[in-house]
Asks: 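Structure in structure tokens, see below.
Order of listing sets the numbers, starting from 1, for every ligand and every atom in it.
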Amino acid sequence: MKKTFIVANWKSNMTTLEANNWLQEISNFQFPISNKEIIVCPPFTLLWDIRSYLSKHNFPIKIGAQDVSPFDQGAYTGEINGKQLKEFVEFVIVGHSERRINFNEDNNILEEKVEMARKYSILPIFCIQDKNTQIPKSVEVVAYEPVFAIGTGTPDTPENAEQVAKYVKENARIKTVLYGGSVTPKNVKKFTQVSTIDGVLVGGASLYAQEFLAIIKNA
Ligand code: PGA
């Protein structure tokens, strides 16, 4: 059975206490999730706590990172590399517009990050901003995230998202396309019911356990 991806991107938010409260709230869910692939992408500082909590409670959520070093281990002060991440995560977000804009990440760096993730068997969730964004060759999962829709409360239309998803599936041979940008419990179904859209990447709404649960339920 094909699963619908629901990915939480916490960005630079959450302390250990806040994350712990979130996990406790979310583990009270009461509905079937076997048809959903739920992935939470916390900041690096929370990877240990989250992995421990999830494995202790045998909870069906997978973990992703929000970044990976373009370099392997070595003298790269401040970087977290793929080998280190592999101890905690199965996924990593690469190419988010916030990193392209605020940290000047260009196509070359993004390609190196994708390669480093693949080297350590971490699946990159590669963000594209429109249908013409360059996608590195080994990418399998893409998230279409138009900049105007991120954190603005103004999502793209499901029709536009469908067009982009169709285009990248046909032209870049991508298997899985997610939509991201102002996804809420109210609008999530409009995206996930589109046959070419395989799930959603959720920023702001994923910080609130009840909202995220409602998104999972309604997707
Ligand atoms: P948003 O962010 O849901 O807050 O719009 C999405 C994202 O940037 O991944």
Asks: Within ligand 1, which atoms have a heavy atom of His96 less than 4.0 Å away?
Replies: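 That gives atoms 7 (C), 8 (O), 9 (O) of ligand 1.
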Asks: What protein heavy atom lies closest to atom 9 (O) of ligand 1? Include the residue and the distance to one decimal.
Replies: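 Result: Glu145 OE2, 2.8 Å.
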Asks: Sort out for me which residue in His96, Arg100, Glu145 forms a side chain to side chain donor-acceptor pair (under 3.5 Å) with Gln129.
Replies: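 Result: among His96, Arg100, Glu145, Arg100 is the only option passing the side chain to side chain donor-acceptor pair (under 3.5 Å) with Gln129.
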Asks: Taking 4.0 angstrom as the limit and counting only heavy atoms of Asn9, give me the atoms of ligand 1 inside it, by number and element.
Replies: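 Heavy-atom distances to Asn9 below 4.0 Å select 9 (O).
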Asks: Does Gly181 reach ligand 1, in the sense of a heavy atom lying below 4.0 Å from it?
Replies: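 Contact check Gly181 vs ligand 1: positive.
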Asks: Could you identify the single nearest non-hydrogen protein atom to atom 2 (O) of ligand 1 and state the distance to 0.1 Å?
Replies: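 Nearest protein contact, heavy atoms only, for atom 2 (O) of ligand 1 is Lys11 NZ, 3.3 Å.
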Asks: What part of Ala149, side chain, backbone, both or neither, has a heavy atom within less than 4.0 angstrom of ligand 1?
Replies: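 The backbone, only.
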Asks: Number the atoms of ligand 1 from 1 as they appear, then name those within less than 4.0 Å of a heavy atom of Leu201, with their elements.
Replies: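 Every atom of ligand 1 under 4.0 Å from some heavy atom of Leu201: 9 (O).
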Asks: Within the structure, is a non-hydrogen atom of Ala205 found at a distance of less than 4.0 Å from ligand 1?
Replies: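 Ala205: no contact with ligand 1 (<4.0 Å).
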Asks: Give me the nearest non-hydrogen protein atom to atom 4 (O) of ligand 1 as residue plus atom name, then the distance to 0.1 Å.
Replies: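 Answer, as residue, atom name and distance: Gly204 N, 2.8 Å.
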Asks: So, does Gln66 use its side chain to make a donor-acceptor pair with the main chain of Lys11 at under 3.5 Å?
Replies: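 Confirmed, Gln66 side chain pairs with Lys11 backbone.
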Asks: Does any N or O of ligand 1 fall below 3.5 Å from an N or O anywhere on Gly203, backbone included?
Replies: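 So ligand 1 has an N or O lying under 3.5 Å from an N or O of Gly203.
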Asks: Aromatic rings Trp48 and Phe88: how do their planes relate, parallel, tilted or perpendicular, breaks at 30° and 60°?
Replies: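 Perpendicular: the ring planes of Trp48 and Phe88 meet at over 60°.
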Asks: Heavy atoms, side chains only, cut-off 4.5 Å: are Asp156 and Tyr144 in contact?
Replies: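 A side-chain contact exists here, since the closest heavy-atom pair is under 4.5 Å.
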Asks: Of all the atoms in ligand 1, which lie at a distance below 4.0 Å from a heavy atom belonging to Gly151?
Replies: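 So the answer, numbered in order with elements, is 1 (P), 4 (O), 5 (O).
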Asks: Does the gap between the ring centers of Phe59 and Phe29 come in under 6.0 Å?
Replies: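 Yes - the distance between ring centres of Phe59 and Phe29 falls below the 6.0 Å cut-off.
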Asks: Cationic tip of Lys131 within the cone over Tyr167's six-membered ring, i.e. under 6.0 Å and within 45° of the normal?
Replies: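 Yes, cation above the ring, under 6.0 Å and within 45°.
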Asks: Under 3.5 Å between any N/O of Ser182 and any N/O of ligand 1: does that happen in this structure?
Replies: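 Yes, at least one N or O pair falls under 3.5 Å.
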Asks: Does the side chain of Phe126 come within less than 4.5 Å of Ile174's, by heavy atoms?
Replies: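 They are not in side-chain contact.
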Asks: Applying a heavy-atom cut-off of 4.0 Å, say which part of Ile150 lies close to ligand 1: side chain, backbone, both or neither.
Replies: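 Under 4.0 Å from ligand 1, Ile150 contributes backbone and side-chain atoms.
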Asks: State, with a plain yes or no, whether a side-chain heavy atom of Val188 is found less than 4.5 Å away from one of Ile216.
Replies: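 No, too far: nothing below the 4.5 Å cut-off.
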Asks: Have a look at Phe91 and tell me which of Val40, Ile63, Ile125 forms a side-chain contact (heavy atoms from CB on, under 4.5 Å) with it.
Replies: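 One option only clears the test, and that one is Ile125.
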